[in-house]
Amino acid sequence: MAVNDTTQIHQFTCLEANFGVLLHDTDSGTTIAFDVPDAGAYEDALEEKGWKLTHILITHHHWDHVQGLGELKQKTGARVIGPERSRQKIAELDRTVEDGDGVLCGPYEVMALATPGHTLDQISWHIPAISFAHTGDTLFSLGCGRVFEGDMEMMWSSLSKLARKLPDDTVIYCGHEYTEANARFALTIEPENADLKARAQEVAELRSRNAATLPTTIGREKATNPFLRAAEPSVAAALGMTGKSAAEIFAEIRTRKDNA
């Protein structure tokens with residue numbers, strides 16, 4: 001997919017339900033990979049596109065995001081950048097970042113946004129100049145990651161941060177194709193949300209022909225994703241939780257999803 005005259009993005013499937021993402025600048029030849037669920041899938045994608053990998057940006061340490069990292073780094077010589085909190089868990093890191101750090105990858109200034117909750121080390125990557133973000137396993141389309149290492153309040157804070165800091169037209173890529181199941185659950189929270197109903201129909205059509213439901217935009221997610229909408233009075237009312245804090249409402253929605 002062409003973002004502008006010089007930037008191209010290639011998304012492809014890895015493992016069973018993971019996405020691989022490559023971002024390429026045609027002028028400089030810079031090519032950035034986001035996470036490496038499977039080295040072979042990335043090698044095939046790079047060969048298909050004729051791109052040389054220069055950078056690998058890691059969102060968090062879970063195996064299904066880094067198990068192909070060592071092999072891909074060895075074969076390509078790409079520079080690996082990831083969370084400082086991953087330093088003891090990911091041996092291949094050449095540089096680490098913390099919240100608010102910027103890194104230069106060719107012509108792209110990439111900002112690191114700490115979004116812990118799913119894991120404590122989770123980083124979301126934002127490239128403001130091209131309205132691009134990769135949110136790893138923090139934010140999915142119509143969903144969010146399970147809360148494994150953090151707590152519910154931490155996860156809500158991270159999602160709120162993405163909603164607050166990313167302009168509505170920011171195009172969102174993430175780690176997994178979970179949107180169809182997320183849509184079914186989201187409709188149990190806000191069955192009368194017209195934007196959500198339209199998105200659910202679109203998702204069903206896409207998946208019926210095995211097409212990807214990503215990317216999305218942060219604006220679309222703010223209108224349809226129940227996990228981003230925990231502060232909305234309509235969501236509180238739908239759950240019978242009027243007067244409760246957004247963090248409490250988020251925790252209720254996440255708990256319901258965990259038990260669905």
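Bear in mind the structure is a predicted one, so any value in this text is a computation, not a measurement.
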Between H65 and H60, does the ring centre distance come in under 6.0 Å?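 Distance test on ring centres: under 6.0 Å, yes.
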Would you say NZ of K49 has more than 12 non-hydrogen atoms from neighbouring residues, nucleotides or ligands within 6.0 angstrom?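 More than 12 heavy atoms, drawn from other residues, nucleotides or ligands, come within 6.0 Å of this atom.
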Q201 atom CD: more than 12 heavy-atom contacts under 6.0 Å: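 Incorrect, the count does not exceed 12.
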Point-to-point distance, once rounded to the nearest 0.5 Å, from [atom1] of [X] to [atom2] of [Y]:
{"X": "L57", "Y": "L23", "atom1": "CG", "atom2": "CG", "value": "9.5 Å"}
{"X": "M111", "Y": "H126", "atom1": "CE", "atom2": "NE2", "value": "9.0 Å"}
{"X": "E232", "Y": "E190", "atom1": "CD", "atom2": "CD", "value": "7.5 Å"}
{"X": "I90", "Y": "H62", "atom1": "CD1", "atom2": "NE2", "value": "10.5 Å"}
{"X": "E180", "Y": "S208", "atom1": "CD", "atom2": "OG", "value": "8.5 Å"}
{"X": "M154", "Y": "L120", "atom1": "CE", "atom2": "CG", "value": "5.5 Å"}

[X] side chain vs [Y] backbone, donor-acceptor pair below 3.5 Å:
{"X": "D121", "Y": "H61", "answer": "yes"}
{"X": "N18", "Y": "D64", "answer": "yes"}
{"X": "E109", "Y": "V103", "answer": "no"}
{"X": "K73", "Y": "E92", "answer": "yes"}
{"X": "T216", "Y": "I172", "answer": "no"}
{"X": "S157", "Y": "E153", "answer": "no"}
{"X": "Q67", "Y": "P37", "answer": "yes"}
{"X": "T54", "Y": "T31", "answer": "yes"}
{"X": "T138", "Y": "T115", "answer": "yes"}
{"X": "T26", "Y": "T6", "answer": "yes"}

Can you tell me how the ring of F132 sits relative to the ring of F34, calling it parallel under 30°, perpendicular over 60° and tilted otherwise? tilted
Please step through side chain to side chain contact (heavy atoms under 4.5 Å, CB included) for the pair L196 and L187, ending with a clear verdict. CA-CA 7 Å; L196 172 57; L187 286 167; 3.7 Å; yes
Check whether any side-chain heavy atom of [X] sits under 4.5 Å from a side-chain heavy atom of [Y], and report yes or no.
{"X": "T59", "Y": "T119", "value": "no"}
{"X": "R256", "Y": "L239", "value": "yes"}
{"X": "L139", "Y": "N225", "value": "yes"}
{"X": "L214", "Y": "H176", "value": "no"}
{"X": "L162", "Y": "T170", "value": "no"}
{"X": "I218", "Y": "K222", "value": "yes"}
{"X": "I189", "Y": "R229", "value": "no"}
{"X": "Y108", "Y": "H55", "value": "no"}

State plainly whether one hydrophobic cluster holds both [X] and [Y], where clusters connect Ile, Leu, Val, Met, Phe, Trp and Tyr through side-chain heavy atoms under 4.5 angstrom apart.
{"X": "M155", "Y": "F185", "value": "yes"}
{"X": "V171", "Y": "L22", "value": "no"}
{"X": "V110", "Y": "I130", "value": "yes"}
{"X": "F250", "Y": "L166", "value": "yes"}
{"X": "I58", "Y": "L53", "value": "yes"}

Locate the shortest heavy-atom distance separating [X] from [Y]; write the atom from each residue and the value.
{"X": "L228", "Y": "W156", "result": "O-CH2, 3.9 Å"}
{"X": "C174", "Y": "G136", "result": "CB-O, 3.5 Å"}
{"X": "A39", "Y": "G68", "result": "CB-O, 3.5 Å"}
{"X": "C105", "Y": "T30", "result": "O-CG2, 3.7 Å"}
{"X": "A17", "Y": "Y178", "result": "CB-CE2, 4.0 Å"}
{"X": "K165", "Y": "P167", "result": "O-CD, 3.5 Å"}

With E71 via side chain to side chain donor-acceptor pair (under 3.5 Å) - residues at least two apart: K75
Name all residues meeting the side chain to side chain donor-acceptor pair (under 3.5 Å) criterion together with D99; count only those two or more places apart in sequence or in a different chain, and write none if there are none. K161
Going by the rule side chain to side chain contact (heavy atoms under 4.5 Å, CB included), which residues pair with D258 if we only count those two or more places apart in sequence or in a different chain?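 Residues passing side chain to side chain contact (heavy atoms under 4.5 Å, CB included) with D258: R146, M152, R254.
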Partner of F12 by ring-ring contact (aromatic ring centres under 6.0 Å, His included), out of Y42, F19, Y173: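 Result: among Y42, F19, Y173, Y42 is the only option passing the ring-ring contact (aromatic ring centres under 6.0 Å, His included) with F12.
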Show your reasoning for whether side chain to side chain donor-acceptor pair (under 3.5 Å) applies to T96 and E98. CA-CA 7 Å; T96 62; E98 299 190 67; over 6 Å; no
Quick one: do the S245 and E248 side chains pair a donor with an acceptor below 3.5 Å? yes
Quiz question: by atom type and distance under 3.5 Å, do the side chains of T213 and S141 form a donor-acceptor pair?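 The criterion, which ignores hydrogens and geometry beyond distance, is not satisfied for S141 and T213.
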Go through the steps to decide whether I81 and W125 satisfy the test side chain to side chain contact (heavy atoms under 4.5 Å, CB included), and finish with yes or no. CA-CA 11 Å; I81 305 167; W125 299 102; 3.9 Å; yes
What I want to find out is whether E202 reaches R220 closely enough, with some N-O distance under 4.0 Å, to be called a salt bridge.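 Result for this pair is yes, salt bridge flagged.
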Step by step, work out the side chain to side chain contact (heavy atoms under 4.5 Å, CB included) result for L142 and E221. CA-CA 6 Å; L142 301 180; E221 294 306 307; 4.3 Å; yes
